[in-house]
Amino acid sequence: MLPELDGLRASQYLALNRHQSRCFLPISAVDAITPAFQHARQQLIQPFRASQWAKLGLVGLLAGELSSAGGGCNPGTFQIATQHPNSSQRFLEAALPAINPMVYVSLIAVLIMAGLVLLIVFLYVNSVMRFVLFDSIVAKECRIRESWIRRQAPGRRYFVWQILLFLAWIAGLTILVGIPAGFAFLLGWLRQPKEHMIPLILGGIALFFVLMMFVVVQLLIHVMTKDFVVPQMALEEISAIEGWRRLWSQLKREKGGYAGYIGMKVVMAIGATVVLGIVSAIVILLFVIPIGGLGAVAVIAGAIAGLTWNLYTITLVVVAGCCAILFILYLISLISVPAVVFFPAYSIHFFASRYPPLDTLLHPATPPIISSLPPETPPFPSAPEPIG
């Protein structure tokens with residue numbers, strides 16, 4: 001039972017304890033859509049700032065908030081290679097056979113090591129940028145340098161978690177694929193596959209569904225970590241394992257609410273992917289056509305000038321191709337900025353009603369209302385009555 005309060009004191013009490021009342025009333029996955037849209041509109045349009053849009057595009061790209069849809073230029077390059085096989089073979093035969101095969105082995109080893117190093121560096125940048133994106137959404141202001149410096153500690157903890165999750169992914173795939181393959185090899189099914197078609201087909205179907213379940217579980221862990229564990233790591237300086245321990249207890253208490261969140265997010269992600277995919281494809285075509293034309297002109301000019309495919313020209317082509325791919329990815333990220341802001345805002349507003357520190361950060365309590373009325377003066381004592 002609350003003490004009996006007058007109007008002024010009641011408003012002060014509710015203002016100071018507003019986050020407590022909100023935390024006991026968790027909103028549903030559908031109810032979180034409206035505040036997320038309002039949040040995105042306020043951050044992107046009210047007012048519109050091109051610099052903030054560009055920063056959010058970069059943060060969204062490095063934080064991995066984009067859907068994997070950017071391979072539209074690969075078929076074109078393959079078609080060009082198949083249309084002119086003789087010219088490519090002529091360039092390759094002019095230089096490559098003269099190189100020692102050990103050079104190829106060394107080059108492949110260097111490329112593999114460089115790829116692993118770049119993967120680790122990108123994974124670390126991705127880990128810290130996840131917290132930069134969180135700060136940008138909560139504050140409705142993207143300050144990359146300030147957040148990057150401030151979020152190194154939780155970024156390292158999240159980086160370790162992602163490394164462990166990646167190793168678990170590799171180990172799981174190795175076990176799920178290696179054990180059935182070894183079993184089939186020991187039984188002799190792989191030596192004479194025509195005689196064991198039925199068990200191979202049935203085993204392949206079963207393995208396909210098992211692998212699909214494994215991939216779905218990994219994706220769910222990744223999504224739940226970045227949506228619900230990262231805010232805890234950002235606000236309480238805890239590890240990802242501790243964040244998952246707390247989240248798991250909430251999942252057991254509210255299975256329906258979180259299941260509705262996942263379902264609603266999948267539906268909205270499909271819709272956003274379709275819309276942004278169409279827009280991105282149109283914009284990319286407008287840029288790829290002139291870039292491809294310039295590349296074709298450069299190749300023809302090099303052939304006329306007598307240039308051949310060697311280590312330097314191949315390196316130049318690879319670097320130019322990587323720069324073009326990065327430019328296209330950043331262009332897609334700029335187009336996807338509304339989704340980059342909306343989906344983190346959606347998860348933040350959904351989780352805030354279940355996590356008091358985040359709710360307090362989103363809805364800071366208003367300062368107490370101080371009455372401007374003068375203090376009530378005590379009544380004057382009544383005049384003494386005359387004696388007798």
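Residues: numbered from 1 along the sequence shown.
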Same cluster (ILVMFWY, side-chain, under 4.5 Å), Val217 and Leu247:
yes
The reported gap from CG in Leu56 to CG in Leu61 (rounded to nearest 0.5 angstrom) is 12.5 Å
In short, salt bridge (charged side-chain N to carboxylate O under 4.0 Å, His left out) pairs touching residues 44-55 with sequence neighbours left out are Arg49-Glu141
The complete set of side chain to side chain donor-acceptor pair (under 3.5 Å) pairs with one or both residues in residues 325-337, sequence neighbours excluded, reads none
Practice task
Output yes when a side-chain donor or acceptor of Trp53 lies under 3.5 Å from a complementary backbone atom of Val337, and no otherwise.
Solution key: no
Just wondering, are more than 12 heavy atoms of other shown residues or ligands nearer than 6.0 Å to CZ in Phe183?
no
Could you give me the CA-CA distance, side-chain angles and deciding distance for Glu65 and Lys226, then say whether side-chain contact (heavy atoms from CB on, under 4.5 Å) is met? CA-CA 10 Å; Glu65 196 62 27; Lys226 72 183 183 67; 3.8 Å; yes
Review point. In terms of hydrophobic clusters joined by side-chain contacts under 4.5 Å, are Ile241 and Leu220 together?
Key: yes
request  = Considering only NZ, NE, NH1 and NH2 on the basic side and carboxylate oxygens on the acidic side, decide whether Asp135 and Arg151 come within less than 4.0 Å.
outcome  = yes
Scanning both residues in full, the closest heavy-atom pair of Ile137 with Pro344 reads CG1-CB, 3.9 Å
Looking only at heavy atoms, the pair that brings Gly243 and Gln232 closest together is O-NE2, 3.4 Å
Fill in: Aromatic ring pairing Phe351/Tyr355, orientation class (parallel under 30°, perpendicular over 60°, tilted between)
parallel
Contact check, side chains of Met268 and Phe342, non-hydrogen atoms, under 4.5 Å
yes
Check whether any side-chain heavy atom of Val110 lies under 4.5 Å from a side-chain heavy atom of Met113, and answer yes or no. no
Do Val160 and Val121 share a hydrophobic cluster, counting only Ile, Leu, Val, Met, Phe, Trp and Tyr and linking them when any side-chain heavy atoms are less than 4.5 Å apart? no
Ile221 with Met213, same ILVMFWY side-chain cluster at under 4.5 Å = no
Side chains of residues 161-182: which donor-acceptor pairs under 3.5 Å do they make with residues two or more places apart or in other chains?
from: Gln162; atom 1: NE2; to: Asn126; atom 2: OD1; distance (Å): 3.0
from: Gln162; atom 1: NE2; to: Ser127; atom 2: OG; distance (Å): 2.8
from: Thr174; atom 1: OG1; to: Ile170; atom 2: O; distance (Å): 2.7

Can you list, pair by pair, the side-chain donor-acceptor contacts under 3.5 Å of residues 260-267, counting residues two or more places apart and other chains?
from: Tyr261; atom 1: OH; to: Asp227; atom 2: OD2; distance (Å): 2.7
from: Tyr261; atom 1: OH; to: Lys265; atom 2: NZ; distance (Å): 3.4
from: Lys265; atom 1: NZ; to: Asp227; atom 2: OD1; distance (Å): 3.3
from: Lys265; atom 1: NZ; to: Asp227; atom 2: OD2; distance (Å): 2.4

All heavy atoms of Ala63 vs all of Leu133, minimum pair found to be CB-CD2, 4.3 Å
Value for OG (Ser280) from CD1 (Ile335), rounded to nearest 0.5 Å, stands at 4.0 Å
Can you give the donor-acceptor pairs under 3.5 Å from side chains of residues 199-211 to other protein atoms, not counting sequence neighbours?
none

The reported gap from CD1 in Ile149 to CZ in Arg143 (rounded to nearest 0.5 angstrom) is 13.0 Å
Is the terminal nitrogen or CZ of Arg157 (NZ for Lys, CZ for Arg) located under 6.0 angstrom from the six-membered ring centre of Phe159 and within 45° of that ring's axis?
no
Q: Side-chain contact test, heavy atoms from C-beta onward, threshold under 4.5 Å: evaluate it for Phe134 versus Leu358 and give yes or no.
A: yes
Original post:
Taking the side chain as C-beta and beyond, is there a heavy-atom pair between His349 and Thr34 under 4.5 Å?
Top reply: no
Cys142 and Gln52 have their tightest heavy-atom pair at N-OE1, 2.8 Å
Between the CG atom in Leu361 and the CD1 atom in Ile348, the distance rounded to the nearest 0.5 Å is 8.5 Å
Donor-acceptor check, side chain of Tyr346 to backbone of Ala29, threshold 3.5 angstrom: yes or no? yes
OH (Tyr258) and CD (Gln250) are apart, to the nearest 0.5 Å, by 4.0 Å
Here the pair of heavy atoms bringing Ile238 nearest to Met233 is O-CG, 3.5 Å
OH (Tyr158) and CZ (Phe131) are apart, to the nearest 0.5 Å, by 7.5 Å
**Prompt:** Do Ile33 and Val275 sit in the same hydrophobic cluster, where Ile, Leu, Val, Met, Phe, Trp and Tyr count as joined when their side-chain heavy atoms come under 4.5 Å apart?
**Reply:** no
* Cation-pi check, Arg354 to Phe228: give yes when NZ or CZ is under 6.0 Å from the six-membered ring centre and within 45° of the ring axis, no otherwise. => no
Glu237 and Ala153 have their tightest heavy-atom pair at OE1-CB, 4.4 Å
N/O donor to acceptor pairs below 3.5 angstrom from side-chain atoms of residues 41-48, sequence neighbours left out:
from: Gln42; atom 1: OE1; to: Lys140; atom 2: NZ; distance (Å): 2.4
from: Gln43; atom 1: NE2; to: Ser136; atom 2: O; distance (Å): 3.0

(request) Flag the pair Arg253 / Ser249 as yes when at least one side-chain heavy-atom distance between them is below 4.5 Å, and no otherwise. (result) yes
